[in-house]
Amino acid sequence: MTFRLSFLLTVLFICSSIAQNGNPNDYLSAQFHMERRAALRAKMPLNSVAVFFGNPVRNRANDVDYVYHQDPDFYYLTGYKEPNCVLVVFSNNQTDKEGKSYNEMLYVQEKNPKAEQWTGVRLGTEGAKKELGFENALNGAAFLNSGIDFRSFNNVLFKEFEGDNKNSKRDKADLYKLIEAFKTQIGYDVKTEKQTDSNLQNEINTKKGITSKKTVIDTKSITTFMASLREKKSKEEMVLLTKAVRISAMGQREIMKAMHPGMSETEIQGVHEFVYKKYGSEFEGYPSIVGAGNNGCVLHYIENSKMKVENDLVLMDLGAEYHGYTADVTRTIPANGKFSPEQKLIYDLVYDAQEAGIATAKIGNSFSANDDSARKIISDGLMKLGITKTTDDSRKYFPHGTSHHIGLDVHDPGLYNNFEANMVVTVEPGIYIPNGSDCDKKWWGIAIRIEDDILVTVNGPVNLSGEAPRKSNEIEALMKEKSVFDTFNLPKLD
């Protein structure tokens, strides 16, 4: 596929994802979330119940909160994007007082016109039924006295509590109160919150007066179940994830054309994020990393405060988030458009290592295979260049792993066993030689990472972010092209 055709397809895809009311209409379907709950139910032990809570609202400063971001597991299972919510999934069908069968309950924020005037329209119970497909949706306050006899189940599954939710005086059913009510209903003790051994838990339950000695409070299994589900992506997920990746690749392409030594790290970050917004990406999947020169040696450098990148290499690790799914794409380019001899030697070494890593992302291979192959090339290459003396020495210049899953989290959960079809993983070798390193000074301040998002298929690995050039000569060629930002000039401020 040519770049021009690829670009046109992207534009057409964006246009087709806009509903008549102006809002996106390409979110995951209610059917998708329903199928995910069924898949979870199939993994749960007989006579068990799983309880999920939404993410807390987190304060930024004084009376200003951060933009709300739903717990990825909760969103994966429900599609619900508001706070103060609970999902209850039963492994076996339950029967209500009227004899009706059900196997799940969703508790949501109650409609409140006054609150909605400030923070936006709430879905409410009727919206949850209509938009999300839940038959049993109740206001959150109903969970405070749910009537669910949690102690009658063999296993009560939930994730450990983070403890960062606030007790609001204004909300009678905020997350804090929902969690406290759940703790009371299951006989939860903070001192034993991490105990998952069934024999020990049975003793604890007996001391607390829980009648069923079979009830096990389990805060580990649900994490494993969700990881096994989320590590493989469905076709519906791939539409959104691929879009996030391609948007991110477009950001890398545009900054390659716009880059010049007078730019600041913050300005470079802004070009990327402008492209994201232009393509309809709501957020960044993680804090943007733009490190020029020695700053690139800090793996999670997010200050992005250097005023001029000058003639440094610029490491750019950024990812657009589209409808919850985030990319993770890194390119390293010379600010002046031309790699120096030393920079090119290190860059091409990282490129060769990445090529080897990508080639091993095949069904049946161990998840560590791409790290092993990439690390060997870098280790051998650094010794050949005289930067290191032994194999082990290379780890100080390549200190991180080579791959992780991506999806609703930039580091998506997974079991990390063997590669399977429909996994999407990063391949991201790097070499970082900080100032003052024990090698020739000519290598100091060189930091290079190349990262792509790879889909594992029956036909081999597919590079979803390949539209952003990776080869050193291709990067230099694209950097010679004119940029739409060349004539974007703002008035100077005194």
Side-chain angles (χ1 to χ4, degrees), residues 227-228 230-233 237-238 241-242 244-245 248-249 252 285-286 289 299-300 315-319 325-332 346-384 388 391-407 409-432 447-472:
S228 68
R230 287 176 55 187
E231 70 177 359
K232 293 181 287 293
K233 305 300 185 287
E237 288 181 284
M238 282 306 305
L241 184 52
T242 299
V245 174
S248 304
Q252 295 284 0
Y286 53 95
I289 298 169
L299 300 183
H300 287 172
L315 187 156
M316 304 172 294
D317 183 341
L318 306 96
Y325 285 83
T326 181
D328 192 1
V329 181
T330 306
R331 293 292 183 269
T332 307
I346 299 297
Y347 187 94
D348 289 346
L349 176 55
V350 175
Y351 174 82
D352 289 343
Q354 192 199 29
E355 282 284 278
I358 292 173
T360 64
K362 296 180 179 179
I363 295 172
N365 282 351
S366 166
F367 206 93
S368 62
N370 53 22
D371 185 76
D372 294 340
S373 56
R375 196 166 293 280
K376 184 179 188 311
I377 287 177
I378 286 179
S379 176
D380 292 347
L382 289 175
M383 286 191 289
K384 186 176 181 180
T388 59
T391 299
D392 291 340
D393 285 346
S394 67
R395 288 195 173 271
K396 65 184 177 182
Y397 299 123
F398 179 17
H400 58 76
T402 304
S403 289
H404 59 78
H405 293 280
I406 61 170
D409 285 294
V410 66
H411 294 151
D412 226 32
L415 301 180
Y416 287 88
N417 294 322
N418 294 340
F419 287 116
E420 297 182 45
N422 303 318
M423 289 182 173
V424 182
V425 301
T426 64
V427 178
E428 51 174 313
I431 294 175
Y432 317 87
I448 294 168
R449 179 162 65 250
I450 313 172
E451 178 178 21
D452 283 271
D453 301 335
I454 308 300
L455 171 64
V456 180
T457 78
V458 293
N459 296 316
V462 175
N463 188 346
L464 301 177
S465 47
E467 287 168 299
R470 293 186 298 129
K471 292 182 179 180
S472 55

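Quick caveat: nothing in here was measured; it's all calculated off a predicted structure. Throughout, numbering of the chain's residues begins at 1 and tracks the sequence.
The closest side-chain donor-acceptor pair between N463 and S465 falls under 3.5 angstrom. H400 and E428 form no side-chain donor-acceptor contact under 3.5 Å, judged by distance and modelled atom types alone.
Using cut-offs of 30° and 60° on the angle between ring planes, the pair H405 and F367 is tilted.
Residue D317 comes nearest to Y286 through the heavy atom pair OD1-OH, 2.6 Å, listed as atom of the first residue, atom of the second, then distance. I289 and L299 get closest at one heavy-atom pair: CD1-O, 3.6 Å. Residue A468 comes nearest to Q252 through the heavy atom pair CB-CB, 3.8 Å, listed as atom of the first residue, atom of the second, then distance. Closest of all the heavy-atom pairs between I378 and A353 is CG1-CB, 3.6 Å. Contact between T332 and L315 at its shortest, heavy atoms only, is OG1-CG, 3.7 Å. Across E451 and D328, no two heavy atoms sit closer than the pair OE2-OD2, 2.8 Å.
N422 places no side-chain N or O within donor-acceptor distance of the main-chain N or O of K232, the cut-off being under 3.5 Å. Between the S373 side chain and the A369 main chain, a donor and an acceptor come within less than 3.5 Å of each other. With hydrogens and angles disregarded, a donor-acceptor distance shorter than 3.5 Å links the side chain of S403 to the backbone of T426.
Here the straight-line distance linking atom CG of L455 with atom OG1 of T242 works out to 7.0 Å at 0.5 Å rounding. If you take OG on S366 and OH on Y416, they are separated by 12.5 Å, rounding to the nearest 0.5 Å. S248 contributes atom OG, which lies 12.0 Å from atom CE of M316 (distance to the nearest 0.5 angstrom). Of the inter-residue distances, the one linking Q354 atom CD with D352 atom CG reads 10.5 Å to the nearest 0.5 angstrom. Taking OG1 from T360 and CG from N365, the interatomic distance works out to 6.0 Å, rounded to the nearest 0.5 Å. Rounding to the nearest 0.5 angstrom, the gap separating the CG atom in D392 from the OG atom in S379 is 8.0 Å.
Atom NZ of K396 has more than 12 heavy atoms from other residues, nucleotides or ligands within 6.0 Å. No more than 12 heavy atoms of other residues, nucleotides or ligands lie within 6.0 Å of NZ in K362, so this atom counts as exposed by the packing criterion.
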> What's the verdict on side chain to side chain contact (heavy atoms under 4.5 Å, CB included) for L382 and L349, showing C-alpha distance, side-chain angles and the deciding distance?
Replying inline: CA-CA 8 Å; L382 289 175; L349 176 55; 4.3 Å; yes

>> One pair to check against side chain to side chain contact (heavy atoms under 4.5 Å, CB included): M238 and L464. What are the steps and the verdict?
In response: CA-CA 10 Å; M238 282 306 305; L464 301 177; 3.9 Å; yes

> Can you check side-chain hydrogen bond (donor to acceptor under 3.5 Å, both in side chains) on D348 and S472, steps first, answer last?
Replying inline: CA-CA 7 Å; D348 289 346; S472 55; 3.0 Å; yes

> Hey, mind stepping through D412 and E231 against side chain to side chain contact (heavy atoms under 4.5 Å, CB included) and telling me if it holds?
Replying inline: CA-CA 7 Å; D412 226 32; E231 70 177 359; over 6 Å; no

> How far apart are the C-alpha atoms of I377 and E355, what are their side-chain angles, what is the distance that settles it, and do they pass the side chain to side chain contact (heavy atoms under 4.5 Å, CB included) test?
Replying inline: CA-CA 10 Å; I377 287 177; E355 282 284 278; over 6 Å; no

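Evaluation of the side chain to side chain contact (heavy atoms under 4.5 Å, CB included) rule for T402 yields N370, D371, A374, F398, V427, P429 as partners, not counting sequence neighbours. The salt bridge (charged side-chain N to carboxylate O under 4.0 Å, His left out) search around D380 returns K376, not counting sequence neighbours.
Two residues are said to be in side-chain contact when any heavy atoms from C-beta on lie closer than 4.5 Å; E420 and L415 fail this criterion. Between M383 and T391 the shortest side-chain heavy-atom distance falls below 4.5 Å.
Checking each of V329, V424, V425 against I406 for a side chain to side chain contact (heavy atoms under 4.5 Å, CB included) leaves exactly one that passes, namely V424.
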